[in-house]
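Encoded as structure tokens, the structure appears first; notes follow it.
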Amino acid sequence: MFINGKDVSQLNRNQRADMRRGTIGFIFQFFALIPTLTAYENIELPMLLAGQSASERRERVSQYWNRLT
């Protein structure tokens with residue numbers, strides 16, 4: 001399988017983890033949400049932990065939010 005032109009079968013464990021964190025997003029509907037955070041903050045949190053800038057996080061959360069609503 002290729003994702004963004006990369007053969008994922010050729011990636012090592014760390015590279016696959018980086019691919020999942022940076023390219024593939026997971027938004028869980030119920031059980032994995034942090035109840036004290038807003039929906040926006042739950043979407044933003046993985047990007048914050050990945051070190052993305054505030055402007056990039058705002059842009060991506062807006063894109064995801066528009067798809068959800």
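All residue numbers in this chain count up from 1 along the given sequence. Values in this document were obtained by computation on a predicted structure and should not be read as measured data.
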Not counting sequence neighbours, list each pair that qualifies as a salt bridge (Lys or Arg N to Asp or Glu O under 4.0 Å) and has a residue in residues 1-18. D18-R21

Which residue pairs pass the salt bridge (Lys or Arg N to Asp or Glu O under 4.0 Å) test when at least one of the two sits in residues 36-52, sequence neighbours left out? E44-R57

Supply the atom-to-atom distance M47 CE to E59 CD, rounded to the nearest 0.5 angstrom. 10.5 Å

Sorted by chain and number, sequence neighbours left out, side chain to side chain contact (heavy atoms under 4.5 Å, CB included) with T36 holds for I34

List for me each residue that meets side chain to side chain contact (heavy atoms under 4.5 Å, CB included) alongside N4, sequence neighbours excluded, and say none if there are none. T23

Can you list everything that forms a side-chain hydrogen bond (donor to acceptor under 3.5 Å, both in side chains) with E56? Sequence neighbours excluded, please. none

Kindly give the heavy-atom pair with the smallest separation between Q15 and Q10, and that separation in Å. OE1-O, 4.3 Å

If hydrophobic clusters are built from ILVMFWY residues whose side chains come within less than 4.5 Å, do V8 and I24 share one? yes

